[in-house]
Amino acid sequence: MEKVLVANRGEIACRVLRACREAGIQTVAICAANDAGSMFPELADEVVMLQGDTIAETYLNQSQLLEAARSTGAQAIHPGFGFLSERADFAQAVLDAGLIWIGPSPHAIEKMGDKMTARKTMKAAGVPVIPGEEIELEDEAAALSALEEAAQRVGYPLLLKASSGGGGKGMRAVTEPSGFAEAAAGARREAIAAFGDGRIYIERLLTGSKHIEIQIIADRTGHTVHLGERECSVQRRHQKVFEEAPGPTMTPAIREAMGEAAVAAAKAVDYEGAGTVEFLLAPNGEFFFLEMNTRIQVEHPVTEMVTGVDIVREQLRIAAGEPMSCGTVQMRGHAIEVRLYAEDPANGFLPSIGPLAVFCPPEGPGIRLDTGVREGDDVTPNYDPMLAKLIVWAPSRVEALERMRRALDEFVVLGTTTNVAFLRDLCDNEDVVSGSTTTTTIDDTWPQGWSPVEHEALTQAALLSAAAGETLGLHRPSRSGPSSADGPSSPFSTLSRRFP
Amino acid sequence: MEKVLVANRGEIACRVLRACREAGIQTVAICAANDAGSMFPELADEVVMLQGDTIAETYLNQSQLLEAARSTGAQAIHPGFGFLSERADFAQAVLDAGLIWIGPSPHAIEKMGDKMTARKTMKAAGVPVIPGEEIELEDEAAALSALEEAAQRVGYPLLLKASSGGGGKGMRAVTEPSGFAEAAAGARREAIAAFGDGRIYIERLLTGSKHIEIQIIADRTGHTVHLGERECSVQRRHQKVFEEAPGPTMTPAIREAMGEAAVAAAKAVDYEGAGTVEFLLAPNGEFFFLEMNTRIQVEHPVTEMVTGVDIVREQLRIAAGEPMSCGTVQMRGHAIEVRLYAEDPANGFLPSIGPLAVFCPPEGPGIRLDTGVREGDDVTPNYDPMLAKLIVWAPSRVEALERMRRALDEFVVLGTTTNVAFLRDLCDNEDVVSGSTTTTTIDDTWPQGWSPVEHEALTQAALLSAAAGETLGLHRPSRSGPSSADGPSSPFSTLSRRFP
Amino acid sequence: MQHRFSLKGEDVDVALVRKNGGLSYQGHSVTVDARGRLKLTLADGSSCTAHAAKVGDVWWVHMQGRTFALERIEPGASSQDHGDGLVAPMPGKILETLVKAGDTVEAGQPMMVLEAMKMEHRIVAAHAGTVVAVHFQSGDQVNQGAVLLELEDTN
Amino acid sequence: MQHRFSLKGEDVDVALVRKNGGLSYQGHSVTVDARGRLKLTLADGSSCTAHAAKVGDVWWVHMQGRTFALERIEPGASSQDHGDGLVAPMPGKILETLVKAGDTVEAGQPMMVLEAMKMEHRIVAAHAGTVVAVHFQSGDQVNQGAVLLELEDTN
């Protein structure tokens, strides 16, 4: 495997391209016209510009991607997450083209990607699943009425999910029958728009539970291991924003049971590569299978930080037919990831756009930044508003939270509204501090929505800063160039150091 | 311990200030006038501006520092490395002022800081030391003649070292008697200038050896542990540039023996806090005590990365009277640090100055940057030319080297000459790749000095880039401001997100 | 040296006073170094550094972990001058229009659905009123800043 | 569109040709995006991004892990115009002067010792010659660019 095409963009494309470079593998990036100035194509050895304007015409266009692989001589395709990463038909097309698919087999994707089949598989493996039903009807009216009936059987509160979905898209919580019709229509429309697939899955909403997931890796030599759990309970509208490993309330017994269930699930579909099995952990210690993500996960870095396993590098190894390099896995310390979004948390988390006039991430020990943007980029409405993942590691959970607070305080983003202040507030949230978060922590804490605590002196100081900037003309470009007008030193050829 | 004064500047001040912030400790920075625009005072809660122009008048001025602690109500002083960190008299003055000294006792500093006493201590502990002598005479002529006589007893090749030195300052290698006089005079002058102490120590130069050091931590509850070794053999003119942990050729038996010797040394002086015991490891497996550094070390991050111990945080804990938090220490994976200097490696490593017009460090998994500068800063001749420490971690040494290559390729510094290309070449050096580096690797590899490999096409492309920049006016300030002239979005108050 | 900024929909006038080589306001003071960095001393004696950048008319300021976006109002103008046109906050596609000209709406009533950033956004009436005009229909692409529809206050 | 740069002491003339919306030279071509980023296609077909910044007269260019400092020579001038004055490469303090006016020196002979960046630096003769003038003595502070002494070629 000497050349890999990365069929993705943004932060995860950067992650995979760098891993390939480290592994000595040549890389091909694919790139839509509106991404030409992005960071990820700069990290690739070759770039294929995609034709078309919409995502469907570019990053979701299977034939363009396969043609890009053919024309550049790439031998393998890494799908990242989102986009085509969980499309069995694409995985099959990649294999049919004689290429390596860096991920599980189309069969495994289909079995696990389809939520109903996955439920059956897990039931067979003896793992409890949440009560629920799926509606497959294509006709709008028929589908909506079937959904309505199913909802009555499943019971309220319930959750509508796009069957082929992920990342909270096409997902809606419905607490009572009166809100069902509008929610179902919206979920279906969004599912069709995002995934080209209107199938909707209804399941009982289990409140007060934790979202725990197990990372697994399987290679072709028959080894399947789990890398422990991540807790991702802190979600706003089904979008994870705060992820950690290990789970703060996890016990060795539950970890072992969940890990076994996850490995069993992977083995049941002859899984290959990296994958994640998600569970809901109820307050009484019972856990229920949620779904399996048959791809690398956004929050994989927290597992990497505590286990020391480079999951993307392992994906490359396994795809090349090598055994995984990680032996007995041991968790050490504590890692937390927060997702930095271009959004306004004080205004219903509405996505924001604008220039990243200043983008200055924190530095120092125990800090990792996975991003696809840099200062000077524009945040546009074309793609997901996630700007970066900030990950910290420390010997203990308490220290990790302390480090995250410090890192968020240092993170400067000017020109586009972000959720940094919201994330910072989260770090002081009582449930977060005690580790007793559930999937409804955010809604419970800020039922009327989040807004920043007022601080009059700081607001005045900010006004002073802006007024001073205006008065002194700090915004005029002449001030923003390199600070020194001096040329560099003259040639040093007449000098040599004296000692030793 | 609620407020700490950090008696240092630059990168290590940033490291300590951030550790204090994470620990919830208030901080005071001290700052010379020519450092007012530096990063480290921005990370402190309070800043005391120092009077004076020279280092002796500012960062080495004990009474100013004590007065700063008094006036701000700081209860403890962290000395960092360099400056006053190994001055027993300062440690004593701090204690006499009723403050906590974050470091070992003045007694331990004196015993270990003084190379002759340290040798005696180690001899008593049964650890072999390198043949050598110290000359204490104050009178210039008498000292030089005594040095000359001692040199004859010790034998050539030999090494001249400032007794109270460190960091290669005041150090010279002399291969034959003819070069001795000039070297001795220079070493003495430099020692007086840098440390106010002209004592010179002569020792036999052991060629073909590795520089291995053991990190130790000791708390007041009687616990003294070692955190394994670092190999720092790759040195240019006695200045470390490439440091790693674990040592690539280290065996468990040697590690255990060295670790025991280091712990014994620490216990012999009732050591408290973090310290490093340096050894020369001969090709036959014998090792010799070099010296003990009674402070945090520049290269401490590689140990932090492989052991998971936050050494600076432990220093704070121990100084506050708490037990160390690290239990049984286990090394995991491999870490490498390189020191990014403002210097011209193609020209005898001559320090360079200039603006950091662009300073764009690499990002992603397994990368840590410890720095005291950022884009827009000026590199001045006032202080040490180290700009940053770039540290990588990976599961194996091979992967760590791959990651370091990738990271260095991504590191963009424009406006000041740096050693990045030299460091990148080091990563491909045969001895570095095989792990068989010795303290003379750099001199052996580049006896005529290092120069970059020519690459005609890239040089032409660089000329093209410069010419295009000139033609298109890319250097004019109007191009360097935020890319978008659009204002931000209008207030979003009329919009809310639709789901769930 | 007086500047007007819009802060949460209200206009604030900031009158600066020169003091000790810096500028001050409400007991806080600021100096600017050669690189344009802002060093603040707050009225309580604490000090900090601020990062500031101007984008369009808005000053973005970061200090002590907080970020402020302060729109500068040109002398004589007021941020209250915005009409009642409902403006697209980002480029996108109209998915649904739920009202037509002449409709009366309640505060909070959805009027239009816009797709942008892969999400659906609902445009709701900020107050009760009468829809005067609807400028786009389902399927239309709209640019940022486009007036989507106009709403007249009932009062 | 011709520019002259100094590269390792030699002048290089770079004549740019406009081609396909970009600029080219020696078979390599470059385009510049809206943010001023340089996208290069080398003669061998490979492509990469360059970072460039101009400081004083020098263009600093980073590409593929390499950094180049290219001094632009004003049209008509030449980088060979430097005299034989030995210039301080950085501010510092003269520790020792080892020669005086009228001395003849060998190539490589130390002439002065400068302290800067906490290190001692030895100024050596680049070629054999005669010392014409010594402008500073031990203990003097010198600024960057100061001519320390003047050396005349023996030839």
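A note on names: the letters A, B, ... follow the listed sequences, proteins ahead of strands, and every chain is numbered from 1.
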Can you run down the salt bridge (Lys or Arg N to Asp or Glu O under 4.0 Å) pairs that involve residues 13-22 of chain C, sequence neighbours left out, and say none if there aren't any? C:Arg4-C:Asp13
A:Glu140, CD atom: more than 12 neighbouring heavy atoms under 6.0 Å: yes
If I measure from the heavy atoms of chain A, does C:His3 come under 4.5 Å with its side chain, its backbone, both, or neither? side chain
Could you tell me the separation between the CD atom of A:Glu470 and the CG atom of C:Leu16, rounded to the nearest 0.5 Å? 10.5 Å
Which salt bridge (Lys or Arg N to Asp or Glu O under 4.0 Å) pairs, counting each pair once, include a residue from residues 38-53 of chain C, with sequence neighbours left out? B:Glu42-C:Lys39
Could you check whether any side-chain heavy atom of A:Leu414 comes within less than 4.5 Å of a side-chain heavy atom of C:Thr67, counting everything from C-beta outward? yes
I would like to know whether A:Leu463 and C:Phe68 meet side-chain contact (heavy atoms from CB on, under 4.5 Å); could you show each step before the answer? CA-CA 9 Å; A:Leu463 284 163; C:Phe68 300 85; over 6 Å; no
What pair of heavy atoms forms the shortest contact from A:Gly415 to C:Val55, and how long is it? CA-CG2, 4.0 Å
CD (A:Gln460) and CG (C:Leu7) are apart, to the nearest 0.5 Å, by 10.5 Å
Taking the side chain as C-beta and beyond, is there a heavy-atom pair between C:Trp60 and A:Thr417 under 4.5 Å? yes
Rounded distance [0.5 Å steps], CD in C:Gln64 versus NE2 in A:His455: 6.5 Å
Within a reach of under 6.0 Å around CD of A:Glu456, are more than 12 heavy atoms found that belong to other residues, nucleotides or ligands? no
Below 4.5 Å, heavy-atom pairs only: which of A:Ala468, A:Ala194, A:Ala462 has the largest tally toward chain C? A:Ala462
Against chain A, label C:Ala50 side chain, backbone, both or neither, depending on which of its atoms sit under 4.5 Å from a heavy atom there. side chain
Between C:Trp59 and A:Ala466, what is the shortest heavy-atom contact and its length? CB-CB, 3.6 Å
Let's go through A:Arg189 and C:Glu96 carefully: what are the C-alpha distance in whole Å and the side-chain angles of both, what is the deciding distance for side-chain contact (heavy atoms from CB on, under 4.5 Å) to 0.1 Å, and is it a yes or a no? CA-CA 12 Å; A:Arg189 189 165 50 222; C:Glu96 278 185 82; 3.0 Å; yes
Heavy-atom distances under 4.5 Å only: say whether C:Leu23 touches chain A with side chain, backbone, both or neither. both
Between A:Val358, A:Leu408, A:Thr459, A:Val420, who has the most heavy-atom pairs with chain C when the cutoff is under 4.5 Å? A:Thr459
Separation of C:Met63 CE from A:Ser465 OG (nearest 0.5 Å): 3.5 Å
Engaged part of A:Thr416 at the chain C interface, taking heavy atoms whose separation is under 4.5 Å: backbone
Return the CD to OG1 distance between C:Gln2 and A:Thr471, rounded to the nearest 0.5 Å. 10.5 Å
Please find the pair of heavy atoms, one from C:Val14 and one from A:Ala467, that lie closest to each other, and give the distance. CG1-CB, 3.8 Å
pair C:Ser24-A:Leu464: side-chain heavy atoms closer than 4.5 Å: no
